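Inspection log for the structure reproduced underneath, given as structure tokens.
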Amino acid sequence: MSRRVTRREPRAHWLLLLLGMIALFVALCFNGFVEGIVGGSGRAGAAASGGGAPSDVPMEVTEGGPVLRLDGEVPQTRRMPARTIALTFDDGPDPVWTPRVLDLLRQHGAKATFFVVGAEVNKHPELVRRMLAEGHEVGSHTFTHADLTSAPDWRRDLEITLARNAIAGATGRQVTLFRPPYSSVSSGVTAADYVAMREVARTGHVAVLADLDTNDWRRPGVEAIVKAATPPTPGDGAVVLMHDGGGDRAQTLAALEILLPTLAEQGYQFRTVSAAIDAPDSTVPAPALTEWGGRSLRYAQIASAWVADALAVFLAVALGLALLRLVVQLICAPVHARRGRRRRRRGLRYLGPVSVIVPAYNEAANIAATVRSLVDNDYPELEVIVVDDGSTDGTAEIVHRLGLPGVRVIRQPNAGKPAALNTGIAHAAYDLLVLVDGDTVFEPDAIGRLIQPFRDRSVGAVSGNTKVANRTGLLGRWQHIEYVIGFNLDRRLFDVARCMPTVPGAIGAFRRQALMDVGGVSAATLAEDTDLTMAVIRAGWRVVYEETAVAWTEAPATLRQLWRQRYRWCYGTLQAMWKHRRSLVQRGPAGKLGRRGLAYLALFQVALPLAAPAVDVYAVYGLAFLPLWQVAAVWFGLLILQALTAAYALHLDRERYGPLWTLPFQQIVYRQLMYLVVVQSVVTALLGSRLRWHRMVRTGSAAALAATRP
């Protein structure tokens with residue numbers, strides 16, 4: 001016995017989406033942790049930022065040598081022997097300056113000690129391996145060049161551990177030498193510096209400060225650097241502090257070219273710190289766990305940098321496309337408005353009798369107001385056909401009780417909206433057909449204005465101007481703004497570009513011949529109005545927008561209802577786009593629909609909403625890691641631009657500007673709901689599931705609006 005298996009409609013994959021957004025945020029934060037702080041390393045060598053006077057530091061430190069072992073009760077220090085220079089370089093490795101420093105050292109047979117930044121090691125591990133291969137020494141300079149005197153304990157420990165792991169991952173060696181960022185000579189050590197160095201010493205590190213600080217990071221001039229690096233008393237040994245990263249090191253390089261041969265002629269040797277004091281090799285084989293941890297750290301840093309760069313590029317592209325959309329809308333809107341004014345100056349004409357078809361399923365809340373508004377229209381000759389599609393709330397009886405002339409009711413078992421429309425079309429007496437939803441209230445002149453574009457024999461369908469009836473509350477105002485901006489500005493654009501993808505079910509007019517050419521209303525998609533409109537264009541007909549033909553519709557009153565409605569719309573639009581994909585390679589009107597209309601929908605109504613979660617993650621990241629003024633400037637700049645666009649759209653539609661105050665809140669709640677709708681719709685489509693019809697529960701707000709009109 002066979003059993004029919006029904007594919008379940010997929011639930012929202014919010015957990016996966018949330019995990020993905022969290023992963024992006026973590027990647028961005030890690031990249032911000034690395035890049036945002038390392039970027040400031042160019043001021044290395046500045047006065048120590050820690051507090052406390054040198055008098056709070058043991059004399060063994062302030063008056064001792066620059067090599068400090070602080071893991072015991074009494075500090076132990078070492079100095080460089082006579083005529084021995086330990087050149088030390090901070091803030092590398094740098095892809096530009098470190099290789100040139102290494103080349104110069106090799107040319108003069110000199111050895112040096114490099115205090116590397118862990119994050120930079122992960123970027124250029126080959127340079128650290130070269131340092132060791134050429135006999136130089138490597139020490140830790142923290143992972144992000146952080147000021148350890150002001151860092152909390154967890155941050156200090158993290159900086160040291162990550163730097164150690166990064167070096168181990170790059171070289172397989174574990175370092176024991178350490179130099180605090182922003183440090184200088186021993187006599188300048190403050191109490192805070194001393195405390196921080198002692199804490200680091202507990203992890204097995206030996207601190208190395210300097211006898212001579214060249215301050216080359218300030219770029220004081222080549223002569224000044226050479227003078228600062230030369231022992232004031234001939235023959236004295238010294239640890240010399242210089243930099244091979246963190247900025248432009250051209251002066252440092254030029255000073256080395258003078259310093260190395262000059263001091264060599266005076267009998268100086270250039271050795272590593274450990275070799276100069278006859279200490280064992282400061283690097284030891286790293287445990288396998290530490291080495292693999294370092295490699296994993298490097299991969300994570302590379303991945304996070306890639307994510308940050310990719311999102312930054314994408315964000316720029318997305319903002320550019322959004323601005324392009326606004327520009328195109330604002331260019332096309334006045335063009336369409338001028339054409340409309342020219343057309344209206346010719347006045348309204350009688351173009352023959354009109355059949356109005358109202359498919360209705362459980363529309364008791366609004367059907368009476370809808371039918372009355374149609375009958376009360378000032379167009380001289382029309383019939384109204386209400387197709388009751390198996391309603392269970394007495395919809396047909398309500399229409400019968402109205403007893404209005406020219407109104408017919410046709411009953412049929414529930415078969416869906418497309419079938420109800422086709423039934424009405426089959427029973428319609430006239431060739432101009434107006435299709436109306438059962439919750440829509442027409443303005444008194446709407447029908448006459450809606451059919452005026454049919455003067456042009458090439459026009460096969462006309463879209464009217466749908467307005468939100470229930471505008472109270474934030475949700476109603478947000479939908480009102482969306483209808484005026486997102487729908488009507490787009491329709492003006494589509495009209496000018498001759499690629500109108502949708503004549504809304506709430507108010508639209510068709511030639512009977514256009515409907516016959518496409519075989520009537522198809523039930524193949526959940527967006528039957530979009531599917532029908534695309535089919536009409538592909539059949540060679542022109543579809544236009546008449547903004548003065550106004551109808552009022554009931555918008556969803558709750559977020560749940562809004563979700564269900566937009567989910568159906570979006571999923572149905574995706575179905576229609578896929579169904580009519582061949583228009584991309586066709587010529588004539590079909591080609592305009594494909595290469596203009598479908599491309600526009602795919603780009604701005606599918607791709608950009610799909611990317612919106614990543615954009616929001618980047619925005620939150622910006623609040624944490626970018627200057628607040630910069631984030632605020634971008635956000636308010638875009639908001640102002642959107643507000644100006646909204647104001648212009650409201651002006652074109654002769655609407656009040658009052659709802660504009662809700663725009664900032666719309667960006668926080670409503671926009672997220674709309675992009676989640678697109679995400680869910682795309683997931684449903686990719687899984688091949690069949691979405692069932694989501695019907696909105698009517699509240700009668702459209703009818704209430706009609707009751708208040710004179």
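Because the structure is predicted, anything quoted here is derived from the model rather than measured.
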- Message: Let me confirm one number: the CD-CG distance from Q605 to L601, rounded to the nearest 0.5 Å.
- Response: 5.0 Å
- Find the distance between CG (D439) and OG1 (T553) and round it off to the nearest 0.5 Å. 4.0 Å
- Validation row: D495, M500 side chains within 4.5 angstrom (heavy atoms): yes
- Message: Between M516 and I425, does the side chain to side chain contact (heavy atoms under 4.5 Å, CB included) criterion hold? Intermediate values first, please.
- Response: CA-CA 10 Å; M516 295 303 100; I425 293 168; 3.9 Å; yes
- Message: Do V358 and T440 have side chains that approach each other closer than 4.5 Å (heavy atoms only, starting at C-beta)?
- Response: no
- Do H336 side-chain atoms and E547 backbone N/O form a donor-acceptor pair below 3.5 Å? no
- Task: With the side chain counted from C-beta on, respond yes when H427 and I357 share a heavy-atom pair under 4.5 Å apart, and no when they do not.
- Result: no
- Message: Quick check against the 3.5 Å criterion: does E383 have a side-chain atom that pairs as donor or acceptor with the backbone of A429?
- Response: yes
- Item | Heavy-atom closest pair, residues G594 and L598 | O-CB, 3.3 Å
- Message: Do E363 and I398 make a side-chain contact, defined as non-hydrogen atoms from C-beta onward lying under 4.5 Å apart?
- Response: no
- Query: Got a salt bridge between D445 and R449, using NZ or NE/NH1/NH2 to carboxylate O under 4.0 Å?
  - Reply: yes
- Item | P609 side chain reached by M674 side chain, heavy atoms, under 4.5 Å | no
- Query: Side chain of Q666, backbone of W478: donor and acceptor closer than 3.5 Å?
  - Reply: yes
- What one should report as the nearest heavy-atom pair of A576 and M534 is O-SD, 3.8 Å
- Do the rings of W563 and Y567 sit parallel, tilted or perpendicular, given the 30° and 60° boundaries? tilted
- Message: Does anything in residues 385-405 form a ring pair (Phe, Tyr, Trp, His ring centres under 6.0 Å)? List the pairs, not counting sequence neighbours.
- Response: none
- Message: Between R596 and A497 (side chain of the first, backbone of the second, donor and acceptor by atom type, cut-off under 3.5 Å), is there such a pair?
- Response: yes
- Chi angles and distances behind the side chain to side chain contact (heavy atoms under 4.5 Å, CB included) call for I481, Y670: CA-CA 11 Å; I481 291 175; Y670 193 81; over 6 Å; no
- Who passes side-chain contact (heavy atoms from CB on, under 4.5 Å) against S391, sequence neighbours left out? Y361, N362, D388, D393, T395
- Test: D437 and K417 ion pair at under 4.0 Å: yes
- Please name the pair of heavy atoms, one in C332 and one in V496, separated by the smallest distance, quoted to 0.1 Å. O-CG2, 3.7 Å
- Between R511 (side chain) and V459 (backbone), is there a donor-acceptor pair under 3.5 Å? yes
- Query: Going from CZ on R512 to OH on Y430, what distance comes out if it is rounded to the nearest 0.5 angstrom?
  - Reply: 11.0 Å
- Rounding to 0.5 Å, atoms CG (L641) and OG1 (T645) come to a distance of 4.5 Å
- Steps toward side chain to side chain contact (heavy atoms under 4.5 Å, CB included) verdict (L574, V682): CA-CA 8 Å; L574 291 175; V682 171; 4.0 Å; yes
- Contacts of type ring pair (Phe, Tyr, Trp, His ring centres under 6.0 Å), residue Y350, not counting sequence neighbours: Y379
- Note on the structure: Minimal heavy-atom distance between A415 and D389, with the atoms involved, is N-OD1, 2.8 Å
- Message: D529: which residues meet the side-chain contact (heavy atoms from CB on, under 4.5 Å) condition with it, sequence neighbours left out?
- Response: T502, A527
- Item | For P556 against N470, the heavy-atom pair lying closest together | O-ND2, 4.2 Å
- Task: Decide if atom CZ of R595 counts as having more than 12 heavy atoms of other residues, nucleotides or ligands within a radius under 6.0 Å.
- Result: yes
- To the nearest 0.5 Å, tell me how far T573 OG1 sits from R568 CZ. 9.5 Å
- Euclidean distance, L374 CG relative to F442 CZ, rounded to 0.5 Å: 5.5 Å
- Task: Report yes if some heavy atom in the side chain of Y657 is under 4.5 Å from a heavy atom in the side chain of H651; otherwise report no.
- Result: yes
- Pair E546-N465, side-chain donor/acceptor within less than 3.5 Å: no
- If a pair satisfies ring pair (Phe, Tyr, Trp, His ring centres under 6.0 Å) and one of its residues is in residues 579-606, list it, with sequence neighbours excluded. F494-Y600, Y600-F604
- Only one of R477, R471, R566 passes salt bridge (charged side-chain N to carboxylate O under 4.0 Å, His left out) with E482, and that residue is R566
- Task: Consider only side-chain N and O atoms of R455 and Q452, and report whether a donor and an acceptor are under 3.5 Å apart.
- Result: yes
- Closest contact, heavy atoms only, L450 versus S463: CD1-C, 4.0 Å
- Should R538 and R582 count as side-chain neighbours, where that means a heavy-atom distance under 4.5 Å? yes
- Query: Is the cationic atom of R581 (NZ for Lys, CZ for Arg) positioned less than 6.0 Å from the six-membered ring centroid of W578 and within 45 degrees of its normal?
  - Reply: yes
- Query: Just wondering, are more than 12 heavy atoms of other shown residues or ligands nearer than 6.0 Å to CZ in R339?
  - Reply: yes
- Message: Test side chain to side chain contact (heavy atoms under 4.5 Å, CB included) on V399 and I367; report intermediate values, then the result.
- Response: CA-CA 7 Å; V399 178; I367 192 64; 3.6 Å; yes
- Message: Any side-chain to backbone donor/acceptor pair from D456 onto S458? Under 3.5 Å, distance only.
- Response: yes
- Item | D653/K467 ion pair, N-O < 4.0 Å | yes
- Message: Tell me if a side-chain donor or acceptor on Q575 pairs with a main-chain N or O of L526 at a distance below 3.5 Å.
- Response: yes
- For F454, which residues count as a ring pair (Phe, Tyr, Trp, His ring centres under 6.0 Å) partner, sequence neighbours excluded? none
- Are the side chains of L650 and R656 in touch, meaning some heavy atoms are under 4.5 Å apart? no
